[in-house]
Amino acid sequence: MTGLTARSKSMICWTLSTLLAGVVALWVWQRMFYPYFWIDLIYYLKLQMVGKATMSRMRRGVITYLDRFLLQAGKTPEKPFIVFEEQVFTYRDVDVRSNKFASVFRTEAGFKHGDIVAVWMSNEPDFLCVWFGLCKLGCEVAFLNSNIKPKALRHCFQTCGARALVVGADLISSLDDVLPTLSDSAIDVWVMAENSSNHKVNTLLDKVESASEEKPQIDVPPPKITSNFLFIFTSGTTGLPKAARVSHIKAVMSMAFLRLCGATENDTIYLTLPLYHMAASLLGIGGCIDLGATCVLKKKFSASQFWKDCIKYNVTVFQYIGELCRYLVNQPKTAEEMAHNVRIAAGSGLRADVWKEFSRRFGKIQIREGYGLTEASVGFLNYTAEIGPIGRASYFNKRTIPFEFLKCHLETYEPVRTDTGRCVKVKKGETGLLVAPITFINPFLGYAGNEAMSEKKLLRDVFKKGDVYFNTGDLMMQDHRDFVYFKDRIGDTFRWKGENVATTEVSDVLGCLHFLQEVNVYGVTVPGYEGRAGMAAIVIKEGHDFDGESLYNHLVQNLPAYSWPWFLRVQTSLDMTETFKQQKKKLVEDGFCPQAVQDPLYFLDGSKKTYVQLSQSLYDDIITGKIRL
Ligand SMILES: *[C@@H]1O[C@H](CO)[C@@H](O)[C@H](O)[C@H]1NC(C)=O
Ligand SMILES: *[C@@H]1O[C@H](CO)[C@@H](O)[C@H](O)[C@H]1NC(C)=O
Ligand SMILES: *[C@@H]1O[C@H](CO)[C@@H](O)[C@H](O)[C@H]1NC(C)=O
Ligand SMILES: *[C@@H]1O[C@H](CO)[C@@H](O)[C@H](O)[C@H]1NC(C)=O
């Protein structure tokens, strides 16, 4: 510095301090206006890395879900892939056994490239061997719900156009009801058994034992990645299941789920969700394959076995959906619930009240709550320390998979259109309808055999003429910090006294009451009234009594009057769908007539400020309008 004049010294000082001031200002600005900048950026870079790796693999010819499995099986053949009860299957075991199935399907059943085959099996390792075997022949697979009823089964066959059905050993006895229909439509039925007294079905296991272990020597042309990979049936809130087409690119993108949640190849992933759903087959199993991790597969979820299993199998990650975590929270305390090694719980549908209790009770488990759909690729993932939101709507995330929140009519859920016919985005803090533009990485292949329903999921001319968006039907809110909150799914709302009642909101409020274990809120029709009156099915915690007065006070403090449930139905347990979503349809049909419903019923008596037993005479007075709601 000796050669520097005083003037240039002060110049340097000045520059440095300006620079420093600039950095500090930037830091303050970032803290104040964009506190999640780094977290968002890191997540974005992680997504970019996953995307780059996927593209580079694709250039090397590793394109499909199956390709990714074969790649992993080549890399770590001896690594345990599936642990099921006391059995362990390595990556090679599953590869070899799926070759055997492929060989039988080709030589004995005559399946070929492009055939659609339905798989009707419960969770077991052979579910994957059959599935991958069919993939190896270039067949498209349709997963059937293992609890499906004959009428729906017929419907599923008609919509997806399957030529054959593969039936798991434990479901063979349910086959009798549907076999006549299937043979009428010339559907080949293959059962996972060594023999059968029924000449209308073909057996698989006897043939698989002696089949070739080699990969079938056939040329399956590489598929277009936006073409159909498989069919997954999604149950709507009403009507028969719809066969959603899942593209190859969607399946491959799903495989990044567990990696994005922070799991590694050294994790053991506990999977209790049904494999016929996307969450388990694509996110869970796919996620394991992507990592090269081990999956502990469970035939069925069991709340009482849960932590015992986590210890027995040294589980480090588990996947949940819907109300699964509520079952865990509702279990009596055990020593195991704190003695496990679980570090991540990943999934979707965790409600805020359960979330808090879960974090409090089961130790240091990071919760990775996300949002995703079977039909489209738009999705979110929480990667911050906030409790409640399903993810972030950062600038970066929008760049990766674009989406918008639209202003919509609250009665019809139709987007609001301006005079020129265009839609309007909501402001931050307002609830809007989540839509995502149809793009190369967000293709929408529609529902098989139901073009009208497919078109209904699309919104056209949204911001400009000719653009097309996928309508998720989900209402969300983006707050001022860009966190995204799930508000409501269409069908989970009813109208009462000109207001919209969000059932999830009422459930959440009731769920906080100490004597209630489970709550399911829905709307029932009452003669003489527009819309639906609120009703809640509740389960009372063991060792507690129903307390109408504190329930009433709790509602007064927490909810507007129009959303208070007029009727309560006390049950010993609540019905759930197989994906741990609450069953509402039957409850709505049952209504609140004491003669029709065996469970104890209560009625909100505003004058007494409590809930009273709903007697037959009280019911009559309500129906005839003597008592006004
Ligand atoms: C089918 O095979 C099992 C053994 O795998 C045997 O116990 C059973 O008797 C056989 N049933 C028939 C109908 O042949
Ligand atoms: C997994 O474990 C192996 C062996 O202990 C170790 O070398 C590797 O770094 C681990 N991987 C990760 C991602 O932690
Ligand atoms: C269980 O997993 C943890 C973490 O991966 C590991 O440190 C531990 O050695 C494992 N224990 C057993 C019994 O495998
Ligand atoms: C998000 O993840 C953090 C860090 O694992 C966790 O503490 C928090 O509970 C999660 N919250 C949400 C909303 O996902």
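No experiment lies behind these values; they were computed from the predicted model shown. Positions are given from 1 along the sequence. Each ligand, and each atom within it, is numbered from 1 in the order the structure gives.
- Within the 4.0 Å cut-off (strictly below), a protein heavy atom is located near atom 2 (O) of ligand 2.
- For ligand 2 and Glu265, the ligand atoms under 4.0 Å from any heavy atom of the residue are 11 (N), 13 (C).
- Tyr270 contributes atom OH, which lies 10.0 Å from atom CZ of Phe318 (distance to the nearest 0.5 angstrom).
- Defined by atom type and a distance below 3.5 Å, a donor-acceptor pair is present between the side-chain atoms of Lys136 and Asn99.
- If you check which protein heavy atom lies closest to atom 12 (C) of ligand 2, you get Asn266 ND2, 3.4 Å.
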Which pairs would a plain distance check flag for residues 212-219, meaning a side-chain donor or acceptor within less than 3.5 Å of a matching protein atom at least two apart in sequence or in another chain?
unit_1 : atom_1 : unit_2 : atom_2 : d
Ser212 : OG     : Glu214 : N      : 3.0
Gln217 : NE2    : Lys215 : O      : 3.3

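- Within the 4.0 Å cut-off (strictly below), a protein heavy atom is located near atom 14 (O) of ligand 2.
- Taking every heavy atom of Thr264 and a limit of under 4.0 angstrom, the matching atoms of ligand 2 come to 13 (C).
- Pro125 approaches Leu297 most closely through the heavy-atom pair N-CD2, 4.1 Å.
- Atom CD1 of Ile285 is separated from atom CD of Gln319 by 9.0 Å, given to the nearest 0.5 angstrom.
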